Chemist: 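Below you will find the structure I want to go over with you.
Worth saying up front: this structure is predicted, and the values here are computed from it rather than measured.
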Amino acid sequence: MGGQGSEKNRQNQNRVYFSARLHGEIRDLCALHWPEETCGLLIASKAVPDRIQRVVVARNVADEPQKTFEIDPQTLIDTHRTVRETGEEIVGCFHSHPNGNALPSNTDRDRADEHAFLWLIIATNHTGALASGMYRIMHQKNIDADSGENIRYFQRCKLIEQDI
């Protein structure tokens with residue numbers, strides 16, 4: 001029972017709406033900063049969390065920005081304060097992969113602490129932005145109760161470009 005309804009909910013959870021203009025701006029920014037990883041936050045209304053309304057670009061403060069990213073902590077704090085006041089929420093992050101791969105890396109999976117958080121990955125190389133991938137991190141209880149660890153995996157989302 002409930003198979004069709006739960007299937008529809010799962011499909012809807014895997015759709016993320018994003019304006020083509022905003023997506024293009026992020027892709028251009030990531031290409032501009034190649035060979036370093038670019039990063040930032042995805043912001044949506046609490047009422048409609050599957051529609052990205054805006055992004056907050058952050059400084060990449062990682063020790064090795066050509067290999068990984070770390071969102072500037074002050075940007076994160078400031079953004080949390082702002083969204084509390086505006087009825088929005090941080091629903092995900094974006095970053096680039098200067099190796100040209102739009103798939104999440106093992107490092108991405110290991111750092112993905114918040115269940116259902118969106119990850120937009122922009123593949124770049126010396127020629128520009130190549131591809132985009134939107135993913136939702138999923139945490140699943142491990143069958144082995146003794147381990148105490150969740151299994152983490154990325155679920156691919158359908159990125160739907162649409163004026164918002």
Side-chain angles (χ1 to χ4, degrees), residues 11-46 48-84 86-139 152-164:
Q11 287 175 352
N12 287 340
Q13 183 182 23
N14 290 331
R15 292 183 180 166
V16 178
Y17 299 88
F18 206 29
S19 79
R21 178 194 56 79
L22 192 54
H23 186 206
E25 288 175 7
I26 292 172
R27 289 171 54 91
D28 290 347
L29 179 70
C30 291
L32 182 67
H33 287 274
W34 184 88
E36 293 188 352
E37 291 197 19
T38 304
C39 58
L41 301 165
L42 304 174
I43 311 298
S45 162
K46 283 186 179 182
V48 190
D50 63 342
R51 294 184 188 276
I52 307 302
Q53 293 182 320
R54 64 186 182 93
V55 299
V56 175
V57 176
R59 191 167 52 98
N60 181 353
V61 297
D63 290 337
E64 295 181 274
Q66 292 182 342
K67 295 182 180 180
T68 190
F69 79 100
E70 182 180 339
I71 293 173
D72 175 37
Q74 190 61 54
T75 300
L76 194 54
I77 291 167
D78 293 346
T79 304
H80 273 288
R81 285 183 181 142
T82 300
V83 300
R84 267 196 312 265
T86 60
E88 299 172 306
E89 64 182 318
I90 301 170
V91 295
C93 65
F94 74 87
H95 72 285
S96 58
H97 279 181
N99 64 4
N101 189 341
L103 296 172
S105 67
N106 289 336
T107 302
D108 293 337
R109 188 188 67 237
D110 292 343
R111 291 182 175 175
D113 292 326
E114 189 174 335
H115 176 72
F117 204 65
L118 293 170
W119 287 62
L120 173 63
I121 300 173
I122 309 295
T124 60
N125 71 11
H126 67 283
T127 65
L130 306 175
S132 300
M134 181 71 82
Y135 306 89
R136 186 179 303 278
I137 187 66
M138 304 304 288
H139 295 185
R152 298 177 185 197
Y153 62 94
F154 282 100
Q155 198 171 60
R156 187 168 186 96
C157 296
K158 182 171 183 155
L159 185 58
I160 301 170
E161 289 188 348
Q162 180 178 85
D163 289 332
I164 299 170

Chemist: Any side-chain heavy-atom pair from Met134 and Leu42 closer than 4.5 angstrom?
Modeler: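 The answer is yes; the side chains approach within 4.5 Å.
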Chemist: Closest approach of Val56 and Arg54, non-hydrogen atoms and distance?
Modeler: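 Shortest heavy-atom contact: CG2-NH1, 3.5 Å.
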Chemist: Supply the atom-to-atom distance Arg152 CZ to Ile137 CD1, rounded to the nearest 0.5 angstrom.
Modeler: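 Spacing of CZ (Arg152) from CD1 (Ile137) equals 6.5 Å.
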Chemist: Return the orientation label for the Phe18 and His23 ring planes: parallel under 30°, perpendicular over 60°, tilted otherwise.
Modeler: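 Tilted.
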Chemist: Determine whether a donor-acceptor pair (N or O, by modelled atom type, separation under 3.5 Å) exists between the side chain of His126 and the backbone of Trp34.
Modeler: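 Looks like no, no N/O pair under 3.5 Å.
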Chemist: Could you tell me whether the side chain of Leu76 reaches within less than 4.5 Å of the side chain of Leu41, counting heavy atoms only?
Modeler: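 Leu41 vs Leu76: side chains touch.
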Chemist: Check whether the side chains of Asn60 and His33 place a donor and an acceptor atom closer than 3.5 Å, and report yes or no.
Modeler: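 Distance-only check fails for Asn60 and His33.
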Chemist: Any idea which heavy atoms bring Phe117 and Cys93 closest together, and the distance?
Modeler: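 Of all heavy-atom pairs spanning Phe117 and Cys93, the closest is CE2-N, 3.6 Å.
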Chemist: Is any side-chain heavy atom of Glu36 closer than 4.5 Å to a side-chain heavy atom of Pro98?
Modeler: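 Not in contact.
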Chemist: Indicate yes or no: at least one non-hydrogen side-chain atom of Lys67 is less than 4.5 angstrom from one of Thr107.
Modeler: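 Answer no - side chains too far apart.
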Chemist: Should the heavy atoms of other residues, nucleotides or ligands under 6.0 Å from CD of Glu25 be counted, would the total exceed 12?
Modeler: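 Yes, enclosed.
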Chemist: For the pair Val91 and Ile52, evaluate side-chain contact (heavy atoms from CB on, under 4.5 Å) and give the outcome as yes or no after the intermediate values.
Modeler: CA-CA 8 Å; Val91 295; Ile52 307 302; 3.5 Å; yes
Chemist: One pair to check against side-chain contact (heavy atoms from CB on, under 4.5 Å): Ile43 and Gln53. What are the steps and the verdict?
Modeler: CA-CA 6 Å; Ile43 311 298; Gln53 293 182 320; 5.5 Å; no
Chemist: Checking side-chain contact (heavy atoms from CB on, under 4.5 Å) for the pair Cys157/Tyr135: CA distance, chi angles, key distance, verdict?
Modeler: CA-CA 5 Å; Cys157 296; Tyr135 306 89; 5.7 Å; no
Chemist: Would you check, one step at a time, whether the test side chain to side chain donor-acceptor pair (under 3.5 Å) holds for Asp108 with Ser105?
Modeler: CA-CA 5 Å; Asp108 293 337; Ser105 67; 3.3 Å; yes
Chemist: Is there a donor-acceptor pair closer than 3.5 Å between any side-chain N or O of Arg136 and the backbone N or O of Ala116?
Modeler: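 Yes, the answer is positive, given that a donor and an acceptor are paired below the 3.5 Å cut-off.
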Chemist: Would you check if there is a donor-acceptor pair between the side chains of Arg51 and Gln162 at a distance under 3.5 Å?
Modeler: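 On atom types as modelled, these side chains qualify, holding a pair under 3.5 Å.
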Chemist: Which heavy-atom pair separates Thr38 from Ser96 by the least distance, and what is that distance?
Modeler: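 Minimum heavy-atom separation between Thr38 and Ser96: N-OG, 2.8 Å.
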Chemist: Using side-chain heavy atoms (C-beta onward) and a distance below 4.5 Å, is His97 in contact with Thr124?
Modeler: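 With C-beta onward as the side chain, the pair stays apart.
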Chemist: What verdict does the side-chain contact (heavy atoms from CB on, under 4.5 Å) test give for Val55 and Leu120, after you've listed the backbone C-alpha separation in whole Å, the side-chain angles of each residue and the deciding distance to 0.1 Å?
Modeler: CA-CA 11 Å; Val55 299; Leu120 173 63; over 6 Å; no
Chemist: If you count every heavy atom of other residues, nucleotides or ligands that lies below 6.0 Å from Asp110 atom CG, does the total exceed 12?
Modeler: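 For Asp110, atom CG is crowded (more than 12 foreign heavy atoms under 6.0 Å).
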Chemist: Within a strict 4.5 Å, meaning less than it, do heavy atoms of the Asn14 and Gln155 side chains meet?
Modeler: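 Side-chain contact under 4.5 Å: yes.
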Chemist: Are side-chain N/O atoms of Ser132 and Arg27 paired as donor and acceptor at under 3.5 Å?
Modeler: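 Present: a donor and an acceptor within the cut-off.
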Chemist: Listed by chain and number, what are the salt bridge (charged side-chain N to carboxylate O under 4.0 Å, His left out) partners of Asp28, not counting sequence neighbours?
Modeler: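 Asp28 satisfies salt bridge (charged side-chain N to carboxylate O under 4.0 Å, His left out) with no residue once adjacent residues are dropped.
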Chemist: According to salt bridge (charged side-chain N to carboxylate O under 4.0 Å, His left out), who are the partners of Arg84, at least two apart in sequence or on a separate chain?
Modeler: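 Once residues adjacent in sequence are excluded, Arg84 has no partner under the salt bridge (charged side-chain N to carboxylate O under 4.0 Å, His left out) criterion.
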